[in-house]
Each structure stands twice: as structure tokens, then as C-alpha cells.
Amino acid sequence: MKKIWITGVALAMLATAGTAFGQKDKDDEPTSWLNFVVIKDDNGKPVRNAAVIMHPVAKGKQQHGGMELKTDAEGKANFDGIPYGDLRIQVLAQGFQTYGEDFQIDKPKMEFTIKLKRPQGQFSVYDDHPKDAPAPPAPPPQKQDPPPADDKDKKPN
């Protein structure tokens, strides 16, 4: 009975060691240090407390998980340890349009300057709109025949 127990423990240790050696260690993958600066598009001033959200992307689809950073008073945020590959960066801030774009992370240090725009008004066909573009040219006038002369002597059919 003791031999069976020792053999079982030895097999369990070998199985555990085999899976540990067969797994890819994420600590050996190259990582990048990302530095973000979020500014206003209209005047270049920093946007404080903006949420910078990072999601890994594989085969064009956003993966589960991710990380959120907040910008400081100078509009800056940074993170070290992002693995190389595709990364979707989204930035949300009160009073600004949401920003989103996919990037290829492939350098040890990368910097991003993100310019946030103010929201635009919605377009409605019911509103009066100024003429931005010149009006299309009017069609040429059609030549019309003169109206028939009034024949008093003509008899109706």
C-alpha cells in the first residue's frame, strides 16, 4: 500500500512539473511602458480626470479584461507592463466626445497624445440649415409653343 501511495505522489509531481514546464510564462514576453497625454482639441489645455481604458484585441475583437487609468491635473497617465500586440484605447471625459482607436504596441516605450473634441449638435432635417454649399443650377427653361389662336369661326367636332 505504501508503494502505491509513493508512486501516486511521484506521478502527481511529474504531471504538475510537466504542465508547469509546458506553459508559456507571460513574464518572459516583452512589455511596453505607455504614456498618455489627454488634451482639449480646441485650445490644447489638459483634461483632468479623464478615463483612459485599455483592452487587448485579438483577431479584431476586444478581449475580456482591461485596465482603466485616470489622468492627473496635467492630463497625464501612464502604465508599465502592457504586453506587445493590439490594444484598443478608449478615452472618456465629462463634456467631451468619446475617443477610441486600436494601436499596435511594439516598442518598449510609447507615447500617445489624445485630443478630445466637444460634442457636436445632432443634424435634423426639420431644422433650418444655412446654405453651406451653392445651390444646384436650375434646369434650363423649356421652350413652349405659343397658345393656339382663338378661332371663333371654327366649329366644334
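The chain is numbered in sequence order, starting from 1. Just so it is clear, the model here is predicted, and its values are computed rather than measured. Values below: all heavy atoms of this structure, side chains included; hydrogens, waters and symmetry mates excluded.
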Fill in the blank from the handout: Looking only at heavy atoms, the pair that brings Val91 and Ala50 closest together is CG1-CB, 4.1 Å
Exercise for the section: Take atom NZ of Lys70 as the centre, draw a 6.0 Å sphere, and report whether it contains more than 12 heavy atoms from other residues, nucleotides or ligands. Expected result: yes
Handout entry: Minimum side-chain heavy-atom gap Pro108-Tyr84 below 4.5 Å
Key = yes
Exercise for the section: For side chain to side chain contact (heavy atoms under 4.5 Å, CB included), just list the numbers for Val47 and Val38, CA-CA rounded to whole Å, side-chain angles, deciding distance to a tenth of an Å, and then say yes or no. Expected result: CA-CA 6 Å; Val47 178; Val38 180; 3.9 Å; yes
Problem - Side chain to side chain, Asp72 and Arg48, heavy atoms closer than 4.5 Å - result: no
Practice task
State yes or no: do Met110 and Met54 share one hydrophobic cluster built from I, L, V, M, F, W and Y residues joined by side-chain heavy-atom distances below 4.5 Å, directly or via other members?
Solution key: yes
Exercise for the section: Indicate the atoms forming the closest heavy-atom contact of Pro56 with Gly66, along with that distance. Expected result: CD-CA, 4.4 Å
Practice task
Using the rule that two of Ile, Leu, Val, Met, Phe, Trp, Tyr join whenever any of their side-chain heavy atoms come within less than 4.5 Å, decide whether Leu69 and Phe103 are in one cluster.
Solution key: yes
Fill in the blank from the handout: Per side chain to side chain contact (heavy atoms under 4.5 Å, CB included), Leu34 is matched among Leu87, Val52, Asn78 by Leu87
Practice task
Check the hydrophobic clustering (I, L, V, M, F, W, Y; side-chain heavy atoms under 4.5 Å; chains of links allowed) and say if Trp33 and Met67 are grouped together.
Solution key: no
Completion exercise
Between Ala93 and Leu116, the two heavy atoms sitting closest are CB-CD1, 3.8 Å
Handout entry: Lys40, NZ atom: more than 12 neighbouring heavy atoms under 6.0 Å
Key = yes
Handout entry: Gap separating the CG atom of Asp106 from the CG atom of Asp86, nearest 0.5 angstrom
Key = 9.5 Å
Handout entry: Arg88 and its side chain to side chain donor-acceptor pair (under 3.5 Å) partner, picked from Gln62, Gln63, His55, Glu101
Key = Gln62
Exercise for the section: State yes or no: do Phe112 and Ile53 share one hydrophobic cluster built from I, L, V, M, F, W and Y residues joined by side-chain heavy-atom distances below 4.5 Å, directly or via other members? Expected result: no
Exercise for the section: Check whether any side-chain N or O of Thr71 sits under 3.5 Å from a backbone N or O of Ala77 as a donor-acceptor pair, and report yes or no. Expected result: no
Completion exercise
Connected to Val57, directly or through other members, by ILVMFWY side-chain contacts below 4.5 Å are none
Handout entry: Path from Phe96 to Ile89 over hydrophobic side-chain contacts below 4.5 Å
Key = yes
Practice task
Please test Tyr99 against Gln90 for side chain to side chain contact (heavy atoms under 4.5 Å, CB included), starting from the C-alpha separation and ending with a verdict.
Solution key: CA-CA 5 Å; Tyr99 170 88; Gln90 295 175 308; over 6 Å; no
